Amino acid sequence: MNAAIACLAVITAPCLAVAHPDHASESDQPQRRRPPRQSAPAELPPSAVSITVEGDHRVIRANGLPEHETGAFPNPGNPNALRAQQHVYRIPANPQIADALTTARPEFGIAINGVIFDAGTAEFWSPSGRRFGARSDWNHEAIGGSLDLGLDEHNAHVQPTGKYHYHGPPAGLIAELDSGDAMTLIGWGFDGFPIYAARGHADPNDPDSPLMTLTPSYRPKQGERPAPPDGPGGAFDGSYTADWEYVQGLGDLDEANGRHGVTPEFPDGTYYYVVTGEFPYVPRFWRGTPDESLTRRGPNRGAGRGERQRPGRSPR
């Protein structure tokens, strides 16, 4: 069995991260312009992750620190310092397609290096200004949005808890793993289906077909957002999750940013997700059903309190 799928994989390496400020520590009312409190950098242990199959579950234990070098934290957009975590996730080892999509919580899945993939942010527009964890339809996007959330070159930043997490393609991890001539497994969704980098086969069911960059099926809506106080106003330019709509068949991937096909780890075929360089970046939906232990966890503090807006949908 492929080592990336089911064996014990333990990685230890020096972590070169420093400190970096995060989106979750801004004042609820930035008009006051109080400087965010920066957390002090801590001495970090080496990266450590283990992945085992135990019965019906794939169990991932990690300290959340990547092997690749991170950006500097705190930084001007993110006041939080990186700290080791105690991640333990039990995800289905034999996932099944569910009858309906489930909106992913902020934590969508986990990379094989033990770093979490977050599907959205906890930053919202409100009539009184930028807010954290508000109940608003206007959820800021981490990538390409109007806010500087202090992302590093790996599309990642840090929460107040010190948790480093990806909002898009993990450049350093992909560089470590990409062989250049095969699809690259980079993680697992919390419903158990695998996550790959953006290159897949032109014919999803033919492992001998050439590799190509897979594209999402989302686009910005046309027209203008509602003006204040009902919305932030301006054109739908992708700054907010609600700016986007799914158009079936527009790209290679479905509404959950995935598709069914063969992969090196699954030569008989599987459903798999793709983390892309365009919206939605990290998938916003699960095709399968996460383990109950994950749905009971609730959103992480600093990772998505409040309700995130689902992207819109176009019938075309």
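Residue numbers run from 1 in the order of the sequence given. Since we're looking at a predicted model, the values are computed, not measured.
Between the Asp152 side chain and the Gly71 main chain, a donor and an acceptor come within less than 3.5 Å of each other. Here the side chain of His87 pairs no donor or acceptor atom with the backbone of Gln85 at under 3.5 angstrom. The main-chain N or O of Asp243 is never found under 3.5 Å from a side-chain atom of Glu245 such that the two would form a donor-acceptor pair. Not a single donor-acceptor pair under 3.5 Å links the side chain of Arg199 to the backbone N or O of Thr213. A side-chain donor-acceptor contact under 3.5 Å links Asn63 to the backbone of Pro46. Under the 3.5 Å distance criterion, the side-chain polar atoms of Thr184 are left unmatched by any main-chain donor or acceptor of Leu177. The main-chain N or O of Tyr164 is never found under 3.5 Å from a side-chain atom of His157 such that the two would form a donor-acceptor pair. One N or O on the side chain of Arg284 and one on the backbone of Val282 form a donor-acceptor pair closer than 3.5 Å. Using a distance-only test at 3.5 Å, with no hydrogens or angles considered, no donor-acceptor pair links the side chain of Asp118 to the main chain of His167.
Applying the 6.0 Å contact sphere to CD of Glu54 captures more than 12 heavy atoms from other residues, nucleotides or ligands. The environment of CG in Asp56 is sparse: at most 12 heavy-atom neighbours from other residues, nucleotides or ligands sit within 6.0 Å.
Taking a cutoff of 4.0 Å between a charged side-chain nitrogen and a carboxylate oxygen, Asp191 and Arg287 do not qualify as a salt bridge. With respect to Asp291 and Arg58, no salt bridge is recorded, no charged nitrogen being found less than 4.0 Å from a carboxylate O.
Annotation for Ala202 and Pro204: closest pair O-CD, 3.6 Å, computed over non-hydrogen atoms. Here the closest non-hydrogen pair linking Thr289 and Pro92 is O-CG, 3.8 Å. What you find for Leu101 and Ala256 is that their closest heavy atoms are CD2-CB, 4.1 Å. Residues Lys163 and His165 come closest through the heavy atom pair O-ND1, 3.1 Å. Counting all heavy atoms, side chain and backbone alike, Leu185 lies closest to Pro194 at CD1-CB, 3.6 Å. In terms of heavy-atom proximity, Pro264 sits nearest to Met183 at CD-CB, 3.8 Å.
At a threshold of 4.5 Å between non-hydrogen side-chain atoms, the residues Pro228 and Trp125 count as touching. Put simply, the side chain of Tyr246 does not reach to within 4.5 Å of the side chain of Asn257, judged on heavy atoms. Two residues are said to be in side-chain contact when any heavy atoms from C-beta on lie closer than 4.5 Å; Pro216 and Pro280 meet this criterion. Between Trp188 and Ile112 there is a side-chain heavy-atom pair separated by less than 4.5 Å. With a 4.5 Å cut-off on side-chain heavy atoms, Asp252 and Val274 do not count as touching. Counting heavy atoms from C-beta outward, Pro267 and Val262 have side chains that stay 4.5 Å or more apart. Considering only heavy atoms from C-beta on, His201 stays 4.5 Å or farther from Asp206 through its side chain. Looking only at side-chain heavy atoms (C-beta outward), Glu141 and Thr241 come within less than 4.5 Å of each other.
Defined by atom type and a distance below 3.5 Å, a donor-acceptor pair is missing between the side-chain atoms of Thr276 and Glu278. No donor-acceptor contact under 3.5 angstrom links the side chains of Glu176 and Asn113, judged on distance only. Of the N and O atoms on the side chains of Tyr271 and Arg259, not one donor lies less than 3.5 Å from an acceptor on the other residue.
Within the model, atoms CG of Asp268 and CG of Asn205 stand 11.5 Å from one another, a figure rounded to the nearest 0.5 Å. Note that CD1 of Ile60 and CD1 of Ile91 are 4.0 Å apart. Values are rounded to the nearest 0.5 Å. Remark: Phe190 CZ to Trp286 CH2 distance equals 7.5 Å, nearest 0.5 Å. To the nearest 0.5 Å, atom CZ of residue Phe193 and atom CD of residue Gln96 are 6.5 Å apart. Between the CD atom in Glu153 and the OG1 atom in Thr70 there is a gap of 9.0 Å [rounded to 0.5 Å]. How far NE2 of His140 is from CD of Glu123: 7.0 Å, rounded to the nearest 0.5 Å.
Two rings, from Phe117 and Tyr166, have their centers less than 6.0 Å apart. Between Phe108 and Tyr273, the ring center distance clears the sub-6.0 Å criterion.
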- request: Show the numbers, then the answer: is there a side-chain contact (heavy atoms from CB on, under 4.5 Å) between Gln248 and Ser217?
  value: CA-CA 6 Å; Gln248 186 174 358; Ser217 296; over 6 Å; no

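Ring geometry for Tyr272 versus Tyr196: interplanar angle over 60°, hence perpendicular rather than tilted (30 to 60°).
Among Phe236, Phe279, Trp244, the single residue meeting the ring pair (Phe, Tyr, Trp, His ring centres under 6.0 Å) criterion with Tyr218 is Phe279.
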